[in-house]
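Remember, predicted model here, so these are calculated numbers, not experimental data.
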Amino acid sequence: AKWLKNIGDPGKNGTSLAELETDTAAMDLEAFEDGVLEQQLVTAGIGRGLSLDRPLGENLRELADALGKTMSELRVAVQSRPRNQGYLDAARAAGALVLPFQDGDVDPAVRAARADGDLDLLIGIGGAPEGVLTAAAVRGLGGHMQARLAPQRPEEIAKAVEAGMSTELLLGLDELVSSDGYLFLTAVTAGGTLAGVLRDDDGITTDSWIVDPHRGVARVTRRHPLS
């Protein structure tokens with residue numbers, strides 16, 4: 001990351017604030033509106049050395065050092081499922097602050113990938129379609145992500161074998177999503193950061209994340225009147 005503006009510098013809508021370079025893309029971070037740069041939160045290289053081939057405790061120690069945090073300050077999100085109990089136990093044993101959640105794993109992924117997010121890491125076994133959506137968001141935000149197939153049922157194992165996919169192969173962002181894309185994520189039910197769809201006599205209110213690979217992430221709450 002290379003900042004093009006200093007703290008306190010004015011900028012107009014569309015002004016390039018920083019140049020971001022990841023393993024897969026280079027892009028400009030643009031201002032969404034006129035204003036003054038208040039903080040610089042993007043840190044280059046965070047998470048690049050983490051690997052699913054290493055014990056979680058080692059990854060957490062490296063991440064804490066890179067972020068300049070103590071282990072107890074590290075915020076790790078894990079979906080509360082029996083298949084993820086090992087991750088929950090390992091993160092707690094390492095001394096991290098573990099934040100379990102029930103549903104909606106793309107939302108915490110956005111929060112973890114953001115430079116100013118309230119989570120430092122998301123780890124666990126979830127659905128493959130959600131994994132691809134997550135990869136699109138992480139790529140758009142300049143974050144780091146690894147994945148591998150983790151079939152849980154015999155039919156899932158059979159599909160992986162039929163497709164010639166190895167459960168040992170580590171997949172990076174290039175394998176999960178090959179080019180930049182836009183992610184539009186609207187919550188149906190409440191959970192995490194986003195509120196669910198709210199309906200009253202006059203209309204419907206939705207709460208969404210929009211990830212733009214060129215301009216970053218925005219949270220959009222919109223009212224849809226009923227005619």
> Taking the side chain as everything from C-beta on, heavy atoms only, tell me whether V110 gets closer than 4.5 Å to V217.
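The answer is yes; the side chains approach within 4.5 Å.
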> By side chain to side chain donor-acceptor pair (under 3.5 Å), which residues pair with Q152, not counting sequence neighbours?
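Once residues adjacent in sequence are excluded, Q152 has no partner under the side chain to side chain donor-acceptor pair (under 3.5 Å) criterion.
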> In Å and rounded to the nearest 0.5 Å, what is the CZ to CZ distance from R54 to R61?
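Taking CZ in R54 and CZ in R61, the distance rounds to 9.0 Å.
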> Decide yes or no for L183 and L133: does some side-chain heavy atom of the first lie under 4.5 Å from some side-chain heavy atom of the second?
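They are in contact (side-chain heavy atoms under 4.5 Å apart), so the answer is yes.
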> Would D107 and R111 pass as an ion pair if we require N to O under 4.0 Å?
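Yes.
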> More than 12 heavy atoms of other residues, nucleotides or ligands under 6.0 Å from CZ of R222: yes or no?
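Result for CZ/R222: open.
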> If the threshold is 4.0 Å, N to carboxylate O, is there a salt bridge linking E156 and K159?
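Salt bridge between E156 and K159, a charged N being under 4.0 Å from a carboxylate O: no.
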> Can you tell me if R199 has over 12 outside heavy atoms packed within less than 6.0 Å of its CZ?
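At most 12 heavy atoms, drawn from other residues, nucleotides or ligands, come within 6.0 Å of this atom.
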> Give a yes or no answer on whether the side chain of D120 reaches the backbone of R75 with a donor-acceptor pair at less than 3.5 Å.
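Yes, the answer is positive, given that a donor and an acceptor are paired below the 3.5 Å cut-off.
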> What residue among L97, L119, L122, L60 forms side chain to side chain contact (heavy atoms under 4.5 Å, CB included) with V76?
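Testing V76 for a side chain to side chain contact (heavy atoms under 4.5 Å, CB included) against L97, L119, L122, L60 leaves exactly one candidate, L60.
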> Could you check I123, D89, D105, L56 and say which one makes a side chain to side chain contact (heavy atoms under 4.5 Å, CB included) with V78?
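Output: one option passes, namely I123.
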> Are there more than 12 heavy atoms of other residues, nucleotides or ligands under 6.0 Å from atom CD of E162?
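Atom CD in E162 is not packed in, count stays at 12 or less.
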> Is there a donor-acceptor pair under 3.5 Å between the side chain of E62 and the backbone N or O of N59?
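Not a single qualifying donor-acceptor pair exists.
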> Hey, could you give me the NE2/OG1 distance between H224 and T206, rounded to the nearest 0.5 Å?
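Between H224 NE2 and T206 OG1, I get 3.0 Å after rounding to 0.5 Å.
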